[in-house]
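From a predicted model like this one, the values you see are computed outputs, not experimental measurements.
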Number of protein chains: 2
Amino acid sequence: MTCDPMSDMTETDENALNRSPDEQASGFEAVRTAHQSEMVEDYVELIAELIHMNGAARPVEIAERLGVTQPTVSKNLNRLKREGLILQEPYRSIRLTEEGRQLAEACRKRHRIVVDFLVALGVSQEVAEYDAEGIEHHVSEETLSVFRAFTRERSKS
Amino acid sequence: MTCDPMSDMTETDENALNRSPDEQASGFEAVRTAHQSEMVEDYVELIAELIHMNGAARPVEIAERLGVTQPTVSKNLNRLKREGLILQEPYRSIRLTEEGRQLAEACRKRHRIVVDFLVALGVSQEVAEYDAEGIEHHVSEETLSVFRAFTRERSKS
DNA sequence: TACAAAAGTTAGCTTTGGCTAAATTGTGTA
DNA sequence: TACACAATTTAGCCAAAGCTAACTTTTGTA
């Protein structure tokens with residue numbers, strides 16, 4: 001067969017193909033679920049950063065740092081309000097609720113673990129920050145532990 | 001301040017916050033861009049797998065393995081047709097175009113690099129497959145090279 | 001203090017990718 | 001061969017997250 005793109009398959013590949021439909025589906029479902037929390041997590045984490053840096057988080061700055069327009073931010077902030085993560089009177093800047101603060105903290109830590117891991121592995125600081133933005137939402141607890149352990153080990157020497 | 005969730009910041013954290021708005025925005029934009037190609041890549045990769053396993057890729061099986069309904073698959077297959085990645089006469093099973101084959105092949109290789117890397121690092125085979133599904137779409141060329149090198153190095157010993 | 005510019009919001013449009021219900025087509029078997 | 005069941009498609013709904021245009025509020029400064 002000249003047209004089978006799988007002529008160089010390894011043992012591991014075969015294992016992958018042998019996964020049950022259900023197992024495979026649950027992976028894809030997890031990705032879809034992660035996408036739904038990404039927006040919330042990115043906003044809350046960024047808001048915490050801005051408060052830390054500037055003493056306040058203003059929508060205009062959130063828009064700038066996310067690379068989206070102000071109306072988009074405004075709409076998404078309403079969702080965060082509904083979910084009880086932020087407090088904001090109209091036309092005023094944003095505060096985090098206790099729940100929002102905790103989520104921000106958890107996200108920041110996870111982001112840090114991923115970036116530090118990539119850097120320990122040999123990825124440049126800049127690309128590490130860049131890739132972590134996407135990777136951090138798709139890392140299970142198990143993998144996160146392994147990342148942490150690797151970084152700790154590597155930085156000892 | 002008792003309520004600043006950033007009291008334990010490291011050097012690296014400060015660097016992160018010092019990134020320019022533009023730099024930070026480009027990271028988020030990259031994530032949004034990646035999301036748009038994810039569906040296409042997942043489908044094409046899965047179609048190649050199914051053809052390899054069964055000799056044919058049928059929509060009903062794609063639906064089962066992605067964990068979505070058949071109409072969803074049908075709709076998304078139309079997009080793949082429009083983009084010239086697959087061929088399909090109505091009510092018949094699916095073939096990949098040359099372009100589709102190449103994309104599938106690239107995705108399969110990248111998927112493999114990520115899974116093998118995670119396993120080499122110490123993550124269980126099952127979780128590696130699971131996490132790779134999400135991670136693979138957010139790994140830059142630089143990081144991918146580092147992954148590859150690590151796996152090669154690790155498997156020598 | 002008044003007013004122009006900046007910031008924030010609202011309204012309404014678009015695309016994407018889910019879904020269900022219902023129609024159509026293909027297939028295997030009595 | 002006829003018919004029931006499985007597979008596929010179509011139609012139409014929804015929510016999320018982006019956008020522009022237009023409106024309101026706040027802010028800084030002449």
Whole angstrom is fine here: how far is it from CG in A:L66 over to C1' in D:dA17?
-> 12 Å
Does a side-chain N or O from B:Q88 land closer than 4.0 Å to OP1 or OP2 of D:dA7, or not?
-> no
Determine: side-chain N/O of B:T72 to OP1/OP2 of C:dC19, distance under 4.0 Å, yes or no.
-> yes
Using the test salt bridge (Lys or Arg N to Asp or Glu O under 4.0 Å), find all partners of A:E64 that sit at least two apart in sequence or belong to another chain.
-> none
Any side-chain N or O of A:T69 under 4.0 Å from OP1/OP2 of D:dC19?
-> yes
Sequence neighbours excluded, which residues qualify as salt bridge (Lys or Arg N to Asp or Glu O under 4.0 Å) partners of B:E38?
-> none
Geometric class of the A:H138/B:H138 ring pair [parallel <30°, tilted 30-60°, perpendicular >60°] = parallel
Take atom OH of A:Y91 and atom C1' of C:dT9, then tell me their distance rounded to the nearest Å.
-> 5 Å
In chain order, what residues pass the salt bridge (Lys or Arg N to Asp or Glu O under 4.0 Å) check against A:E89, with sequence neighbours excluded?
-> A:R95
Within this structure, what is the CD-to-C1' distance between B:Q70 and C:dT25, rounded to whole angstrom?
-> 13 Å
Which residue pairs satisfy the salt bridge (Lys or Arg N to Asp or Glu O under 4.0 Å) criterion with at least one member in residues 132-141 of chain A, sequence neighbours excluded?
-> none
Polar atoms only, N or O, under 3.5 Å: list the protein pairs with nucleotides 3-6 of chain D and their distances.
none

In whole angstroms, how far is the P atom of D:dA7 from the CD1 atom of B:I94?
-> 14 Å
Can you name the side chain to side chain donor-acceptor pair (under 3.5 Å) partners of B:S37, sequence neighbours left out?
-> none
For B:F150, enumerate each residue passing the ring-ring contact (aromatic ring centres under 6.0 Å, His included) test, keeping only those at least two apart in sequence or located in another chain.
-> A:F150, B:F117
Proximal nucleotide (of D:dT9, D:dA21, C:dG18) relative to the B:P59 side chain | D:dT9
Any salt bridge (Lys or Arg N to Asp or Glu O under 4.0 Å) pairs touching residues 73-87 of chain B, not counting sequence neighbours?
-> B:R79-B:E83
Just jot down the salt bridge (Lys or Arg N to Asp or Glu O under 4.0 Å) partners of A:E142, sequence neighbours excluded, or say none.
-> none
Which of D:dC19, D:dT27, C:dT20 is nearest the side chain of A:R92? It is D:dT27
Listed by chain and number, what are the side chain to side chain donor-acceptor pair (under 3.5 Å) partners of B:Y130, not counting sequence neighbours?
-> none
For the residue pair A:I113 and A:T151, establish whether any side-chain heavy-atom pair is separated by less than 4.5 Å.
-> no
Go through residues 28-42 of chain A and report each residue with a non-hydrogen atom lying under 4.0 Å from DNA chain C, sorted by number.
-> A:R32
Heavy-atom contacts under 4.0 Å between residues 75-83 of chain A and DNA chain D, which residues?
-> A:K75, A:N76, A:R79
